[in-house]
Amino acid sequence: MHARADQRIRVTLTLNGRERSGYAEPRTQLCDFLRHELGATGTHVGCEHGVCGACTVRIDGRASRSCLMLAVQAEGRRLDTVESLAGEEGLSDLQQAFRRHHALQCGFCTAGILMSCEEFLDRVADPSEAQVRDMLSGHLCRCTGYTGMVQAVLEVARTRREAAVPDSQLENNDV
Amino acid sequence: MNAFEPALREGQSGQIGRRQPRIEDDALLQGRGRYADDLAVAPGTLHAAVLRSPHAHARLVDLDASPALAMPGVHAVLTGEDVKRWARPFPVGVRQPMEHWCLAVDKVRYVGEPLAVVMAESRYLAEDALDAIRVDYQTLSVAVDTEAAIAADAPLLHEAVGSNVVSERHFRYGDPEQAFAEAEHRVALKVRVPRSSCTPMECYVVLAEYDPASASYDVLANFQGPYALHTVMARALNVPGNRFRLRTPPDSGGSFGIKQGVFPYVVMMGLAARKAGAPVKWVEDRLEHLQGASSATNRMTEIEAAVTRDGRVTALRWDQVDDCGAYLRAPEPATFYRMHGNLTGAYAIRHLVVRNRVALTNKTPTGLNRGFGGPQIYFALERLMQRIAVELDLDPLEVIRRNLVPSGSFPYRAAAGALLDSGDYPAAVEQGIHEGGLEELLAHRETARREGRLYGIGYTVAVEPSISNMGYITTAMTPEERRKAGPKNGAVSTATISVGPLGDVSAHVSSTPQGQGHRTVVAQVIAEVLGVPLESISVNVELDTGKDAWSIASGNYSSRFSGAVAGAVYQAAVKVRDRLAGIAAAQWQVEASRIRFAEGQVIVNDSELSMPFGRLAGATHWAPGTLPEGEPGGLRETAFWSPPQLEAPDDDDRINSSLCYGFIFDYCGVEVDRITGQVRLDRYVTLHDAGRLLNPDLVDGQVRGAFAQGLGAALMEEFTYGDDGSFQSGTFADYLVPTSVEVPEPLILHRETPSPFTPLGAKGVGEGNNMSTPVCIANAVADALGIADIELPLTPSKVRMLIGIEEPPRPQGVGEDQTAPAAGGGSRLTASDSVTLPGSPQAVFDTLLDPETLQAIIPGCHALELTGENAYRADVTVGVGMIRARFDARVALSDLAPPHGLRLSGAGTSAMGSAEGSAQIRLTEVEGGQTRLDYDYDAAVGGKVASVGGRMLQSASRMIIGQIFARLAQRMGGAAPRLSLWQRLKDLFAGRGGRS
Amino acid sequence: MKPAAFDYLRPSSRREACELLHEAGDDARLIAGGQSLMAVLNMRLAQPRRLIDIAGIEDLHYIERRDDHLAVGAGVTQAELLEHPGLAEAVPLLAQAMPWIGHWQTRNRGTVCGSIAHADPSAELPLCLTTLGGEVVLENRRGKVRRVAARDFFQGVLTTDRHFDELITEVRFPLARPGAEYRFHEVAMRHGDFAIVALAAVVDSDRVTLGVGGVADRPVAREFVRHADPSEALNALAWSLGAEDDAHATAAYRRQLIRELGRELIAGGPSNEEIAHARQG
């Protein structure tokens, strides 16, 4: 593929399970493409140099900075953003835990954090607090002091583990 | 009396004081928040980018925007000329002949100062065009360090003022002279509080339109109010207030005071829209934000106490200098005066002498930042209390106890005028000691110290002011000036509640929340009073000065929500309730006092009578004819509330600067790593008495957030500037804020002494730990290290230097030609090196003077054009690795002393910033008909590259300058004796011996 | 803060990538994970005319254990290498050092070779490669392969021995030697930040290789005889690197960390608990 600097290219990707496409120049940041071309404004932009983590989305499952990627690089990829989390039945377990633990205030950094947490929970079933804090350290939040997020992730990990274990085993564990 | 007690009696729901999850969260957690950058824009909206100065101080000689205008997609460029034609300078809080316009008109006075605005079809195109604007600067000497800036011979920022000190006020309360004369001890301390910012995650956003038909501006910005700054903006736009409609978006990505600093951009983008003849959108980026948005005011304080031998402070002397940056931007010099009434903190100190000076320097203008004025005051005061304990060999906690405002003395009028509304400070301290486990912590310190570890404990008490008096800022004026200007006081808050035809309750408040959860608390208060389900209430917090009830105190600052705004909501709800009770009483023919509102019903006490709330309320719309006489129908009530205790400053300069004063008692234990200097916060206890808590979950959230920011200020956050005024903290990898790994969970304790002055007995609680935590940690580190001189932030390097490094000497022949870099991490880049060249000194000299040689040896030189004797204009691409920029440069050879030496200098600007430097070259004949060329260079870079690349500048400059002489060697001899420092080191370690 | 315009090229083979590099001259940049380059582009500190995206080249995506080294292809992300089974046994230094690189989220996209190519003087991977005596493998459009020792590859701040028309195809980390111990420690202002000082050590019974990152303009590794008291060697090393003051740390502090942490690292290093503790600030 060879795209000229001023050329508008059609980029097609799978966003939150649906095929979507839009136009981008080679230099268009993925976060701008998501927000302003595809209208997925739930993902926010906080620093555009990869430190704050506000723009984190999942790319083929992996939590990544959408400011450090070009829209054209996302061609054919599977992208998941905060808009994918809640279902028909309402907020996901992680979202509910964030609400319960007062893990957000202004909410600007929250979308990116949720996407990191989702990948983390997929990959680390029984995390320690230190591991959760290590994962969260890729995000900056200025409102909360992070405590609520740590509690929410640990709680969701626990409930998901319990849900994954057959009842009989759970009883044994309780003894 | 506050109205809370009766409300409690009436209310059945217990909504107020409940740990209620937030109604804001559902949308925010799903990415359905509506922040400013998420909102739809009008068709044809142009995108703005701002051109900023790379220089800290320079005269604007010329600005040529025509190359930018010729670029594709560019519609217009706004410059200082337009601004002068259409606008006015911002009004300033002190009377001085200085002007601050929204774009620089004559000089630039700080790195990042806006010069022009490009409006283009996309932000990408607008940024392309920025690089094409040609600006001719004449750089000027800078005043960067606060102390240097107030010296008599300092370069002046505003020449007409004649000094960089733009305000000086002296205050005296009680009889400080006598107290100091009689003092058994005097303890003094000099401290500095650095610049920092709470850096909201969302940067500034402005959407502006101009309607030429009505000559009016309509601007949406993620501003945090209208408050008094609406008038400042309207005056700058040169229109009456009703021709400047200001709106705020439904959601805000945090502010912490910092969003106040968007106001110059509101004016700028209004004018930009006028210039472009189209709506304009501007989204600030993080580089712009860190460099040029706003900052807490850095302060230099000398403080002294008169002390009795048992540690009782009888008098304080404050001598403070606030560094407000390049312009005194509204509401400055408020950093001083927000805290003025409570300068004595939580202590009963009756005698006080104060000198306040406001200095301007070549740095970004300062403004509101969470804790506003508090960190500066408490860092000095509470460090002083710790020093008193050390110098008098007393327990620091005992020194605190002996000086607290005594129990049972509230409301207490402090020396400088604060009316401390309520509390029991000694009891709060005892509660904190017991519930926080101080004894255990003390034992832990003992153990740690026995094991030879560096462990310390710090204490802090503070009063946390909330609900600012609109008159406090006039304390900056003399009583005579105030008399002339007319009194300012009070703090009007408003709330509007309406009930719709279906009985649905809506509320609007002009509190412009920035993420705290105001909508939840407003709904809690209304649910309490009207007895309707919380979920049924709709709360709108968008602000529109064209439609909404607001006043000059409206907005999000000074922790005024829970005391003032929630109080106004309560009063508006009571008005609605009383009208409905009147209607119900008439309908049922009972006394109105028997009507009760609960569980969505209107009930008559001690009877079977009841009806749904919606039905009764609906009648005001559907059947106004059935209402009792005097009841006009429709149901919408607005309450305005202002507390009488907020009086204007008196003729003796006593000022009750805030309505409420919460109490804080913090202590912490820290351990310092002897090797790395890293400070580990082992335990942090924070006790708050913030009056009645309306929603304890939200209160704890505020405490945690403020604590995290206070910890950041204590350990890592600082905006640093080079000696030349270059800004060095331009990214989140340079300006460091705490992450989840650095922030432990504090132990939060509460007591509730209701304020007698607010409708619900609540006080503010959002800023306290920004004030108390930095100094509490500093006191603990001082205790751990046993030293007096503590400066924030306590970075590992700084702490390790405080512990002391006994450095073994540099081994012979290792790195000896390194010159020491400029002190204080300044951005002057200096070094020396040498190369050996074939040929005589005269041959080398002649070669250097040859333009062709010059072009060949300057790395990346595309063209060199002779402009005068030994002076050239050069087109040069300079950089290291992938980082490169094209400079329009001037190169000159001077101080010609053939064949012994000369000076090679250059200066240029690029999209990446500015650079200038010169190398003094000395030529010495050495053996074998060769010449040794020694050079000492001194370079400086400014603008973007200095603010984001500081970590690598020394090495990069050495590499680039080294290349010049390596190329010279190559050109003269074909060989490339790249005898850099690096090569020599390699040789040294490879055993090939010292210098070649 | 948007990149300047560039042409975007996505070759499907190494040869094509090299052809494009050759064609573009010095004015092209390679992008793989983009975790360093994109920030620089966004800030317009680099304005290349062409961007050549090598992420789609299939045969650069491998981790191979060979006789004496672990080869990591240019398409491999840091997360993939860190998760590679047997990494701790094959190249224990990497297993210790890589969690210090940036954050979970940047390691997910950042490539191993990208970090080597960027040559940040405080980056962990160049330091590991230098300390272990690894190699960088480069290829040009004629298929000419060049192997460059790490110690020669890093030439200064963001500057390497790569010719503009060469593609880094892989880096080679020597496998652990029996009997040697591998240790890593770093001091940064904050979790995931650029190192103020990073130290990597290979400790044998009779000799020590100590690598230092974050101080000189490139990672530096020095080998010395293992004495009971390494003070003199450490002091010489500390002074030799031209440490400088910057906004976050003084030169004296950096030298002192080399001396004191270097001694600890050689003597047995901080325990894993201590490292975890340091990681948590």
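None of the values given here were measured: they were computed from a predicted structure. Excluded from the calculations below are hydrogen atoms, water molecules and symmetry mates; all remaining heavy atoms, backbone and side chain alike, are included. Naming: A, B, ... by sequence-line order, numbering from 1 per chain.
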Counting only non-hydrogen atoms closer than 4.5 Å, does [X] touch chain C with its backbone (N, CA, C, O), its side chain (CB onward), both, or neither?
X	result
Ala733(B)	both
Pro809(B)	backbone
Met801(B)	side chain
Asp131(B)	side chain
Val283(B)	neither
Thr731(B)	side chain
Thr676(B)	both

Which one, [options], leads in non-hydrogen pairs under 4.5 Å with chain C?
options	result
Pro808(B), Ser955(B), Pro744(B)	Pro808(B)
Arg800(B), Glu807(B), Met952(B)	Glu807(B)
Val737(B), Leu287(B), Leu736(B), Asp285(B)	Leu736(B)
Val945(B), Asp673(B), Thr795(B)	Thr795(B)

Parallel, tilted or perpendicular: which describes the rings of His185(C) and Trp100(C), with under 30° parallel and over 60° perpendicular?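 Correct class here is perpendicular.
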
Classify the side-chain pair Thr130(C)/Arg218(C) by whether it contains a donor and acceptor separated by less than 3.5 Å. no

Side chains of Ser797(B) and His248(C) only: does a donor on one sit below 3.5 Å from an acceptor on the other? no

Do side-chain atoms of Arg183(C) reach the backbone of Leu265(C) as a donor and acceptor pair under 3.5 angstrom? yes

Main-chain N/O of Pro859(B) paired to Gln963(B) side chain as donor or acceptor, under 3.5 Å: no

Considering only heavy atoms and a distance below 4.5 Å, find which of [options] pairs most often with chain B.
options	answer
Met189(C), Glu260(C), Arg44(C)	Arg44(C)
His118(C), Gln47(C), Arg162(C), Gln256(C)	Gln256(C)
Thr160(C), Val187(C), Asn235(C)	Asn235(C)

Answer with side chain, backbone, both or neither: which region of [X] has an atom nearer than 4.5 Å to a non-hydrogen atom of chain B?
X	answer
Arg190(C)	both
Ile196(C)	neither
Pro48(C)	neither
Arg259(C)	side chain
Ala28(C)	neither

For the atom pair OG (Ser122(B)) and CG (Asp128(B)), what is the distance rounded to the nearest 0.5 Å? 7.5 Å

Do Met38(C) and Ile31(C) come within less than 4.5 Å of each other through their side chains, counting heavy atoms only? yes

Report yes if the side chains of Val118(B) and Met71(B) come closer than 4.5 Å at any heavy-atom pair, otherwise no.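 A side-chain contact under 4.5 Å is absent here.
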
Thinking salt bridges, do Arg254(C) and Asp245(C) make one under a 4.0 Å N-O criterion?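 Result for this pair is no, no salt bridge flagged.
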
Ion pair check, Glu124(C) and Arg107(C), cut-off under 4.0 Å: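 The answer is no: the pair does not qualify as a salt bridge.
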
Is it true that, when you exclude Glu791(B) itself, more than 12 heavy atoms of the residues, nucleotides or ligands shown sit nearer than 6.0 Å to its CD?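 Yes, enclosed.
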
Side chain to side chain contact (heavy atoms under 4.5 Å, CB included) partners for Thr159(C), two or more places apart: Val880(B), Met959(B), Gln155(C)

